[in-house]
Amino acid sequence: MTEPSLREGLVLRIDAKVCHVEVDGERHTLPLAGKLFEERSHEKRPLAVGDRVQLDVTGKAIDVLLPRVSQLHRRAASEGEERAQVIAANITLVLAVASAAEPPFQPELVDGVLAGAVRQEIPAALIVTKMDRDKKGAAQQWIDLYRSIGYRVFATSTVAGHETTAEFELVRALLHANRSVLCGLSGAGKSTLLNTLIPGLSLRIGSLSHIRQGKHTTAHTELIPLPGGGYVLDTPGVRSFHQFQIGAQESQFVFPEIAALLPKCQYRSCLHRDEPGCAVLAAVASREVHESRFRSYSVMLDHALRSERQHSRVDGDDDGQRQGGKRRRPGS
Ligand SMILES: Nc1nc2c(ncn2[C@@H]2O[C@H](COP(=O)(O)OP(=O)(O)O)[C@@H](O)[C@H]2O)c(=O)[nH]1
Ligand SMILES: [Mg+2]
Ligand SMILES: [Zn+2]
């Protein structure tokens, strides 16, 4: 007797009770229940969009989560113990998307997304949208900055009469060759750009009044198979992108231009704060390293140092104190 061959699938979308899985080019809706979910019941969500899974013999349930090549994740915005929020697994291209105006360009968010990609060794690029709104030419300095670091930067506008068709071609080619994720503020123009690049996609577009009220137009995250090849994940938008459990020493390595200077610092353990003979501080003073990048690095480093201090405190505690730290309500 030959073993029935177990089929593999790709997780496209996860809803409350079911998940959408692509198997042999077809879309299946499978329950979020079964062996895998029992084994990993301690995890809030054992699956992520982009995961490869193995189905059971019936082909109607997910049995096994196949190993991830990478996972783009950030620190979940919650109180207490740090938790990871996996945005997508097995992504081959991270596209940080930021608008030139409305909402204004936010370098710290861009740096967070790019850093998240560096940590997982996922290639990344920057898309600056709404170039038609950049009347004063302020976006050009950001474009130049990220290019000088070595990132590919695409400057786009989708507005009639101002379409950046040459850039569209370049981004479209990347989308068809990759499993990409678009990451940026809500209202940055991610869905509009995708609709422009991929005929027939018709993702919902947000009105600016909705966006100002903090409403997302893209409610769920879904990995969309593209006619012509590739997959793209249009995220609802992130307001912040902070690293999950990053160490103080590791922080500099997600800023390539800062890491490159470390060998020139006087101390090998230099964290580029106030150490004598620091090549990074000198480069910031001479504007070789951009102050906004250094600010993003400093914020990340401060957080890393704070949580390292907290952990060493917790590790030094005895069990009783640690439980006490959970702050039980009187009477419970
Ligand atoms: N002026 C201008 N507005 C744009 C451009 N791209 C998108 N928008 C507008 O920005 C708003 C948000 O777009 P949307 O694609 O929903 O943003 P998302 O939340 O990042 O997906 C909508 O009102 C779009 O019409 C652009 O290139 N130029
Ligand atoms: Mg959208
Ligand atoms: Zn230094």
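Just follow the structure's listing: the first ligand is 1, and inside any ligand the first atom is 1. For reference, positions follow the sequence shown, starting with 1. Small disclaimer: the values here were computed from a predicted structure and weren't measured.
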message: List ligand 1 atoms under 4.0 Å from Leu185, heavy atoms only on the residue side.
response: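 Matching atoms, with element in brackets: 20 (O).
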- request: Check if Thr129 has a non-hydrogen atom at a distance under 4.0 Å from any atom of ligand 1.
  value: no
task: Would you check whether Gly189 has a nitrogen or oxygen atom less than 3.5 angstrom from a nitrogen or oxygen atom of ligand 1?
output: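 Yes, at least one N or O pair falls under 3.5 Å.
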message: Measuring from atom OG1 of Thr235 to atom CD1 of Ile87, what distance do you get when rounded to the nearest 0.5 angstrom?
response: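 Thr235 atom OG1 to Ile87 atom CD1 measures 7.0 Å (nearest 0.5 Å).
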task: May I have the angle between Cys278 SG and Cys270 SG with its vertex at the Zn ion (ligand 3), rounded to 10°?
output: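 Cys278 SG and Cys270 SG form an angle of 110° at the Zn ion (ligand 3).
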message: Regarding ligand 1, does Arg133 bring an N or O atom to under 3.5 Å of one of the ligand's N or O atoms?
response: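 There is no such contact.
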- request: State whether the shortest distance between N or O atoms of Pro236 and N or O atoms of ligand 1 falls below 3.5 angstrom.
  value: no
- request: Please determine if Ser191 has a nitrogen or oxygen closer than 3.5 Å to a nitrogen or oxygen of ligand 1.
  value: yes
message: For Glu163 and Thr165, which I'm curious about, is there any donor-acceptor pair between the side chains at under 3.5 Å?
response: no
field: Lys/Arg-Asp/Glu bridge criterion (N-O < 4.0 Å) met for Glu257, Arg293
entry: yes
query: Quick one: do Glu22 and Arg179 make a salt bridge, cutoff under 4.0 Å?
result: no
query: What part of Val97, side chain from CB on, backbone N/CA/C/O, both or neither, has a heavy atom under 4.0 Å from ligand 1?
result: neither
field: Atom indices of ligand 1, in the order listed, that fall short of 4.0 Å to a heavy atom of Ser157
entry: 27 (O)
query: What part of Asp132 sits under 4.0 Å from ligand 1 if we count only heavy atoms: the side chain, the backbone, both or neither?
result: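 Near ligand 1, Asp132 shows its side chain, while the N, CA, C and O stay back.
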- prompt: Do you reckon Leu109 sits in the same ILVMFWY cluster as Val118, going by side-chain contacts under 4.5 Å, direct or chained?
  reply: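 Not linked; separate clusters.
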field: Per atom 10 (O) of ligand 1, closest listed option by heavy atom (Lys130, His162, Glu102, Glu163)
entry: Lys130
task: Return yes if a side-chain donor-acceptor contact under 3.5 Å exists between Asp56 and Thr58, otherwise no.
output: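 Side chains of Asp56 and Thr58: pair found under 3.5 Å.
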field: Metal check, the Mg ion (ligand 2) vs Ser191 N/O/S, cut-off below 2.8 Å
entry: yes
message: Taking the basic N atoms (NZ, or NE/NH1/NH2) and the acidic carboxylate oxygens, is any pair closer than 4.0 Å for Lys35 and Glu38?
response: no
query: Step by step, would you call Ile246 with Phe253 a side chain to side chain contact (heavy atoms under 4.5 Å, CB included)?
result: CA-CA 10 Å; Ile246 193 162; Phe253 292 103; over 6 Å; no
- request: Report yes if some N/O of Gly187 lies less than 3.5 Å from some N/O of ligand 1; otherwise report no.
  value: yes
- request: Number the atoms of ligand 1 from 1 as they appear, then name those within less than 4.0 Å of a heavy atom of Thr192, with their elements.
  value: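 Per the distance check, 6 (N), 7 (C), 13 (O), 14 (P), 15 (O), 24 (C).
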- prompt: What's the spacing between Leu193 CG and Asp234 CG if we round to 0.5 Å?
  reply: 9.5 Å
Ligand 1 N/O within reach of Lys190 N/O, cut-off under 3.5 Å: yes
- request: Is it possible for you to say whether Leu174 and Leu197 belong to one hydrophobic cluster, with membership spreading through side-chain heavy-atom contacts below 4.5 Å?
  value: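 The answer is yes; both residues are in one hydrophobic cluster.
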task: Would you name the N/O/S atom of His272 that lies closest to the Zn ion (ligand 3)?
output: ND1
